[in-house]
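Only one structure is covered here, and it is reproduced in the block below.
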Number of protein chains: 2
Amino acid sequence: MTGKQFASVWLREPRKTASPGRSRDEIVRAAIEILDAEGLGGLSMRKLGAKLSAGATSIYWYVAHKDELLELVYDQVWGEMSMPEPEDVGWRDAASVLAYSMRSVILRHPWAADLLGRMPALGPNAIQVADRMRRMFKLAGFEGMDVDYAGSTLTAYIYGMTIPEVAWNSTMGEHEYDPDEMRAMVARAVRDFPDMLERMDMSAYDDPQTVRQVAFDFGLVSVLDGLERRLAT
Amino acid sequence: MTGKQFASVWLREPRKTASPGRSRDEIVRAAIEILDAEGLGGLSMRKLGAKLSAGATSIYWYVAHKDELLELVYDQVWGEMSMPEPEDVGWRDAASVLAYSMRSVILRHPWAADLLGRMPALGPNAIQVADRMRRMFKLAGFEGMDVDYAGSTLTAYIYGMTIPEVAWNSTMGEHEYDPDEMRAMVARAVRDFPDMLERMDMSAYDDPQTVRQVAFDFGLVSVLDGLERRLAT
DNA sequence: ACCTGAACACCGTTCAAGT
DNA sequence: ACCTGAACACCGTTCAAGT
């Protein structure tokens with residue numbers, strides 16, 4: 001009757017390792033090195049084993065399966081996000097700092113974009129950020145479930161902006177391409193839609209990276225304004 | 001000197017198939033059937049071949065690689081999204097309808113959540129939606145690059161809400177679990193954070209599905225309010 | 001023009017066996 | 001308690017060969 005329990009590394013006792021042999025920390029560190037160097041597709045259990053000069057399957061002693069390993073590295077990423085105590089700087093500044101920080105952390109670890117929103121974020125680092133975010137929105141004046149809803153709104157925005165940005169970077173990075181040729185092809189795909197063509201002309205000579213910066217800021221301000229508006233009513 | 005071109009099915013000439021043999025449509029239909037039934041992990045080229053009672057590798061005649069196939073099915077998903085002409089209903093209603101429609105389409109094809117924001121959306125259906133969205137925000141009063149920024153903001157929100165929702169559904173679906181047991185474990189993970197614990201108590205007996213509905217609406221209204229605010233300044 | 005099968009170079013995971 | 005290697009059941013993709 002008692003169904004299988006929800007699966008997360010963080011919800012089960014780890015193996016009480018006396019200290020010898022490899023450790024989870026060591027494994028996670030090695031995994032992140034591989035991930036930063038070769039991306040999510042580059043991380044295999046065999047390669048990780050090799051990097052630790054261990055048998056390919058030794059890792060299964062420390063971790064039930066690859067997904068658990070990914071949960072572990074994922075929480076490390078959450079640990080890199082910086083968020084001031086909302087009580088110190090006020091909720092809007094805290095929210096902005098968190099947003100920019102999340103974006104830059106993910107851009108630094110592009111593989112993490114594939115985990116964002118997909119993997120349960122129940123590690124200590126993730127929970128700490130979640131907790132601060134709750135306090136932030138309570139400080140702002142939200143109550144009850146609205147604290148939650150405001151939080152989802154903000155993180156949804158950040159995820160939704162960051163994921164495509166990373167995806168774009170990686171497609172562009174793989175095949176280095178001729179920008180003019182590409183513009184011509186996209187223009188072709190879009191040829192029946194005057195508004196879309198107009199858009200292409202507009203942004204033709206802007207630096208894509210700063211455009212994305214500005215876009216992120218524009219949206220963030222909008223989202224925060226929108227949340228502020230909810231407080232008034 | 002002329003680098004490799006940006007890769008997308010939509011940016012290259014398809015094979016001019018006279019008509020005999022399999023067709024792309026047929027392949028895409030079969031692929032979607034598999035995807036709906038077994039999810040993204042359930043779709044392999046071999047299985048797809050088998051379903052078409054063809055050799056495992058015949059598909060490579062119609063498609064350069066699996067990613068192209070995914071681009072094709074992805075655009076079908078865009079085709080299911082419904083969006084009224086903004087001129088008919090006004091920009092805010094059009095935006096809301098699109099948002100709800102996107103959410104429900106993705107919930108219907110959960111595998112598509114893994115493509116959202118990752119795959120170039122250059123198919124005719126995706127472009128049509130993008131075009132309407134541009135017209136929508138122009139109608140609202142945005143100009144220049146702001147039309148784009150407003151669009152990114154809205155889609156970022158939708159992506160960022162939908163992706164985790166689907167992920168959650170699928171983790172919950174796989175292992176059917178004992179809710180009490182699970183709550184206990186999560187409570188344990190969160191034990192040092194009084195605000196997080198409070199949150200768990202609060203939402204203890206709510207139906208998760210309606211909570212997510214309400215959350216989606218809350219955030220959407222906030223985002224649209226925030227965008228409206230930008231028009232005023 | 002379209003399809004095939006064999007082959008290559010991988011995967012994650014299980015498990016009996018070792019120390 | 002920790003690690004190993006072999007094995008299982010898969011992958012996507014290439015390519016020479018067939019019709």
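Side chains included, hydrogens not; waters and symmetry mates left out as well; all remaining heavy atoms used.
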### Task
Can you tell me which stems involve DNA chain C, if a stem is defined as three or more consecutive Watson-Crick or G-U wobble pairs, both distances under 3.5 Å?
C:4-8 with D:12-16, C:12-16 with D:4-8
### Task
Pick the C1' atom in D/dA16 and in C/dC2, then give their distance to the nearest Å.
15 Å
#### Entry: P atoms of C/dA9 and D/dA9, separation to the nearest Å
22 Å
### Task
Would you classify B/Leu43 as touching base, sugar-phosphate or nothing, given that sugar-phosphate means primed atoms plus P, OP1 and OP2, and contacts are heavy atoms under 4.0 Å?
sugar-phosphate
### Task
For the side chain of B/Thr57, starting at C-beta, report the closest nucleotide among D/dT4, D/dT14, C/dG12.
D/dT14
### Query
More than 12 heavy atoms of other residues, nucleotides or ligands under 6.0 Å from CD of A/Gln209: is that the case?
no
#### Entry: Among C/dT13, D/dT4, D/dG12, the one nearest A/Ala54 by side-chain distance
D/dT4
### Summary
Comparing B/Arg46 with A/Ile59, nearest DNA chain D nucleotide closer to 5' gives the residue A/Ile59
### Message
I want to verify a distance call: between C/dT13, C/dC3, C/dC11, whose nearest atom is closest to the B/Tyr62 side chain?
### Response
C/dC3
### Query
Looking at the side chain of B/Ser44, which of C/dC11, C/dT13, D/dC11 is the nearest nucleotide?
D/dC11
### Message
Please check: side-chain N/O of A/Arg191 versus main-chain N/O of A/Arg188, any donor-acceptor pairing under 3.5 Å?
### Response
yes
## Note on the structure
B/Leu69 CG to D/dC11 P, in whole Å, measures 14 Å
### Message
Please classify the nucleic acid contact of A/Ala56 as base, sugar-phosphate, or nothing, using heavy-atom distances under 4.0 Å.
### Response
nothing
### Query
In whole angstroms, how far is the P atom of C/dA6 from the CE atom of B/Met45?
19 Å
#### Entry: Centroid separation B/Tyr159 to A/Tyr157 less than 6.0 Å
no
### Message
Whether B/Trp61 contacts C/dC2 is assessed here as follows: a side-chain N or O lying under 4.0 Å from the phosphate OP1 or OP2. Is that the case?
### Response
yes
### Message
With a 4.0 Å cut-off on N to O distance, would you call B/Asp36 and B/Arg108 a salt bridge?
### Response
no
### Task
Salt-bridge test for A/Arg118 and B/Asp114: reply yes if a basic N is under 4.0 Å from a carboxylate O, no otherwise.
yes
#### Entry: Interatomic distance, B/Ile27 CD1 vs C/dC2 P [rounded to whole Å]
11 Å
### Task
Measure from the side chain of B/Tyr60, starting at C-beta and using heavy atoms only, and say which of D/dT4, C/dT13, D/dT14 lies closest.
D/dT14
### Task
Over all heavy atoms of both residues, which pair between A/Ala31 and A/Leu69 is shortest? Give the atoms and the distance, please.
CB-CD1, 4.3 Å
### Query
Within less than 4.0 Å of OP1 or OP2 of C/dT4, is there a side-chain N or O belonging to B/Ser58?
yes
### Query
With sequence neighbours left out, what residues match A/Leu197 under side-chain contact (heavy atoms from CB on, under 4.5 Å)?
A/Ala187, A/Val190
